[in-house]
Amino acid sequence: MPKPRHPQTVAASNGIAADPTFGAVVPPIYLTSTFAFSGFERPGSYEYTRTANPGRDVLADTLAKLEGGAGAVVTTSGMAAIDLVLSQLGRDDLIIAPHDCYGGTYRLLAARRDRRQFDVAYVDQGDDVALSKALTRSPSLILIETPSNPLIRVVDVRAIAAQAKSVGARVVVDNTFLSPALQRPIALGADFVIHSTTKYLNGHSDVVGGVVIAADKADAEALADWANLTGVTGSPFDAYLTLRGLRTLFPRIDHQQKNAAAVAAFLDQHPLVRVVHYPGLASHPGHALAKKQQAGFGAMLSFELVGGVEHVRRFVEAVEVFTLAESLGGVESLVAHPATMTHSGMGEEARRAAGINDSLLRLSIGLEAEADLIADLDRSLLAVGRRAERPERFID
Ligand SMILES: *Cc1c(COP(=O)(O)O)cnc(C)c1O
């Protein structure tokens, strides 16, 4: 059989029709905690599901291939995937993390630092001077998130990875916001890629899961050993659903980013919108870099409303097609208010330093008809404007 070449083919067909027992086209789900030995001192290829499970292995293999890695460990959540990478560090290690990283990652890093399990420096990785200065502190690991959450900032993975290598640091990229359909960090020099598979990879908002993909085989094995030790490997049923969702990753994200581009263009010209953060807009500071580094601009964007929290409240109470909820990457469009939802645990000072103000709203664009999404936003902004104290920009 010729080897599938395009990642889209891998997503749709890896592990298909490989069932040795009955020739099932879909890889079977093995809902079992344990596997029978064929005799005394004769284990089969599987022993216990915490260690390995056939369906979970198909998912891991598919994700490793999509990211161009040597191996992958499927975990119970995205946070467990990040923590699995962190577990490889010790007391003397320093991590450089983005100053505007995912709220949960920020909390995890801070909690482990407080227990003196390693040290953390939060750095604006788009600021070359700040990054170079941090690199003189001999970090062990650089965590990159691009595009970042929720401001959709883009940083240069290839350049940061090269700088990290020069000081002996490993590089881990959280690729949750784009998925391997749009960005492949290992090809840009990363040692590890992590995902919250909860988001685009599963894509249907019905599973919480994660994965770490390692560029190097020995790293992948070390992570698998540690995941077995601590028991953070994902359940067979979650792996089954995630692989099922992954089959349609490419067409989903393709359509979602088309919708996102239309939504961004609509918001960008609206008088009640101060600024739109979407790398597909030529005005976005990361536009050129995103064009070079990514295979598309993605389907996440954020924007600032004119006016304060009261306008935010009116807006989120008016939306009907969009749902007010955390998370992202599903087939349905969601709106979130980072300051009171995803990033509330960060503290006001850190939020302000990261540029996340109280008027910022984040959108995850789904698979609904473009016209319905825009009509919903248009009507909701009108509801804000009608009761607003008529800001100057709104009058003209
Ligand atoms: C959701 C998310 C995580 C955490 O993943 P969970 O599956 O919720 O544990 C980490 N990073 C990013 C960028 C995310 O969006």
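Both ligands and their constituent atoms are indexed starting at 1 by order of listing. On a predicted model such as this, the values are computed, not experimentally measured, just so you know.
Just one of V172, L135, D191 meets the side chain to side chain contact (heavy atoms under 4.5 Å, CB included) condition when paired with I142; it is L135. For the side chain to side chain contact (heavy atoms under 4.5 Å, CB included) test with L59, the passing option among L241, V74, V211 is V74; the others fail. Checked against D119 for a salt bridge (charged side-chain N to carboxylate O under 4.0 Å, His left out), the options R91, R137, R112 give a single hit: R137.
Every atom of ligand 1 with a heavy atom of G78 under 4.0 Å away is listed here by number and element: 5 (O), 6 (P), 7 (O), 9 (O). Set against the non-hydrogen atoms of S77, the atoms of ligand 1 under 4.0 Å away are 7 (O), 9 (O). Short contacts between ligand 1 and M79, defined as distances under 4.0 Å to a heavy atom of the residue, involve ligand atoms 4 (C), 5 (O), 6 (P), 9 (O). Listed by number with element, the atoms of ligand 1 under 4.0 angstrom from any heavy atom of G209 are 7 (O). Less than 4.0 angstrom separates some heavy atom of T198 from each of these atoms of ligand 1: 7 (O).
Of the protein's non-hydrogen atoms, D174 OD2, 2.7 Å is the one closest to atom 11 (N) of ligand 1. Looking only at protein heavy atoms, the nearest one to atom 3 (C) of ligand 1 is Y102 CE2, 3.4 Å. Of the protein's non-hydrogen atoms, the one nearest atom 2 (C) of ligand 1 is K199 NZ, 2.5 Å.
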- request: Output, in order, the C-alpha distance, side-chain angles, deciding distance and verdict of side-chain hydrogen bond (donor to acceptor under 3.5 Å, both in side chains) for E332 and S205.
  value: CA-CA 9 Å; E332 68 292 324; S205 305; 2.6 Å; yes

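With atom 8 (O) of ligand 1 as the reference point, the heavy atom nearest to it among G104, A81, S196 is part of S196.
At a 4.0 Å heavy-atom cut-off, ligand 1 touches L328 through the side chain alone.
Here the closest non-hydrogen pair linking R362 and E326 is NH2-C, 4.5 Å. Between A260 and G298 the shortest heavy-atom distance is CB-O, 3.7 Å.
Remark: distances from the non-hydrogen atoms of A80 to ligand 1 are all 4.0 Å or more.
Salt-bridge check for D124 with R153: failed, with every basic side-chain N at 4.0 Å or more from each acidic carboxylate O.
The shortest distance between side-chain heavy atoms of S327 and T198 falls below 4.5 Å.
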